[in-house]
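Naming: A, B, ... by sequence-line order, numbering from 1 per chain.
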2 protein chains.
Amino acid sequence: MSDLFPKKGHDHDRCVHSAIAQAEKVCDDASARFTDMRRKVFTLIWQSHKAVTAYELLDALTSEGQRVQPPTVYRALEFLTDLGLVHRIESLNAYFGCDRPDCDHLGQYFICTECGRVAEEVNEDMSNAVRKAAGNVGFAIQATTVEIKGLCHDCATH
Amino acid sequence: MSDLFPKKGHDHDRCVHSAIAQAEKVCDDASARFTDMRRKVFTLIWQSHKAVTAYELLDALTSEGQRVQPPTVYRALEFLTDLGLVHRIESLNAYFGCDRPDCDHLGQYFICTECGRVAEEVNEDMSNAVRKAAGNVGFAIQATTVEIKGLCHDCATH
DNA sequence: GCAGAAAATGATATATTATAACATTTCAAC
DNA sequence: GTTGAAATGTTATAATATATCATTTTCTGC
């Protein structure tokens, strides 16, 4: 059984650094600016493998000493989601760092209701099932939201 | 091609009456009360094949002469969603009447971004793909959200 | 029928999530 | 260094949702 969720005690700094490196590349390729604020928000989102709300980000930025208003955070989030660096989890009103922003994908999200962690998977069976179901009824897909709540393997077995 | 969305000019009164009849049965079977307020909210939701926000319901109830507060609407919605009579569309923060409340299902929702209509499908391929993907990673499913935005056949071809 | 318990609704206040509108600052290109 | 575009700051408010306690309605057992 592959483990979608990161192991406890994994080297999280590596996740963060890798994510930032990828984000820099994506921004560069898009001629978009990875500004200080955007970098801060992105880094905060990557502090954990959980989804983070806009106001949690706001609070975190504020306690870092900045006085930041909601539009600032929402603008950064919009920028990051538009580039695919961050995904919005609709069922949580929260935001989650994508670890494969370079590939164009219809992602699926597993959300553990016990530990709060989120994991993204790009699963061809699911994407194909969605595309096929849409095709059958003449529906032209623009965007998909697939969010699955439950217990991750760690929480289910401990 | 099967048409998931109802035809223009269909007999919508029939949809409404059938939905109410089913709701009465579901409530009866659950020994739950289909009170006046719940019936009103449910009927309002079924006025169209679109998803309706809580505050749209509130406004509709108010213009019917009642002075209703948010908790009243949210309580009715909670009751109806708990029984599976209504589904919440996460990506719209809105509520949608289920036309098969009696079968326990993981529903998928097609949302037309042009006409606003929503259609529910219970698609085994999709459910199975979700279950299989979860199984592969040892994830115990509690709930799923599958929402697909795009153009319905009518809007795509006209 | 009636008392008491439980369920539902009413009422008030407030929390949470998000955006509109306009001012100011920063930055890159020239 | 000027300028125009992009980004951020600032203020206000919209939209969505819930907590809490009071009152009313309904159900149950007698």
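- You'll find the side chain of B/Tyr95 stays beyond 4.5 Å of the side chain of B/Val118, heavy atoms only.
- A/Arg39 has no side-chain polar atom (N or O) that falls below the 4.0 Å cut-off from OP1 or OP2 of D/dA7.
- Rounding to whole angstrom units, CG of residue A/Leu58 and P of D/dT8 are separated by 15 Å.
- The distance from atom NZ of A/Lys50 to atom CD of A/Glu56, rounded to the nearest 0.5 Å, is 9.5 Å.
- B/Leu77 has its CG atom 12 Å from the C1' atom of D/dT16, to the nearest Å.
- Atom CZ of B/Phe79 is separated from atom P of D/dA17 by 20 Å (rounded to the nearest Å).
- Taking the six-membered ring wherever Trp is involved, the centroid distance between the rings of A/Tyr109 and A/His87 falls below 6.0 Å.
- On the nucleic acid side, DNA chain C contacts chain A at distances under 4.0 Å to non-hydrogen atoms, with the end points of that region at C/dT17 to C/dC27.
- Out of D/dA7, D/dG9, D/dT20, the shortest distance to the side chain of A/Arg38 is found at D/dA7.
- In this entry the distance linking CG of A/Leu80 with P of D/dA7 reads 12 Å, nearest Å.
- Across the interface with DNA chain C, nearest-nucleotide mapping of A/Asn93 and A/Pro71 shows A/Asn93 to be the residue nearer the 5′ end.
- We find that the ring of B/Tyr74 and the base of D/dT18 do not stack by the test of centres under 5.5 angstrom and planes tilted less than 30°.
- Spacing between atom CD of A/Glu90 and atom P of D/dT16 amounts to 13 Å, rounded to whole angstrom units.
- In this entry the distance linking CZ of A/Phe34 with C1' of D/dA6 reads 17 Å, nearest Å.
- When the nearest nucleotides of DNA chain C are assigned to B/Ala32 and B/Gln69 by heavy-atom distance, the more 5′-ward of the two goes with B/Ala32.
- Ion pairing between a basic and an acidic side chain is recognised when a charged N comes within 4.0 Å of a carboxylate O; A/Asp154 and A/Lys7 show no such pairing.
- When the C1' atom of D/dA7 is taken as reference, atom CD of A/Glu78 falls 12 Å away, rounded to whole Å.
- Using a 3.5 Å distance cut-off with no hydrogens or angles, the side chains of A/Glu90 and A/Thr145 do not pair a donor with an acceptor.
- At whole-Å resolution of the value, CZ in B/Arg75 and P in D/dC21 are 13 Å apart.
- A donor and an acceptor atom never sit less than 3.5 Å apart when one is taken from the side chain of B/Tyr55 and the other from the base of D/dA14.
- Phosphate contact (OP1/OP2 of D/dT25, side-chain N/O of B/Arg33, threshold under 4.0 Å): absent.
- Within 6.0 Å of atom CD in B/Glu24, more than 12 heavy atoms from other residues, nucleotides or ligands are found, so the atom counts as buried in its surroundings.
- Between A/His10 and A/His49, the distance separating the two ring centers is shorter than 6.0 angstrom.
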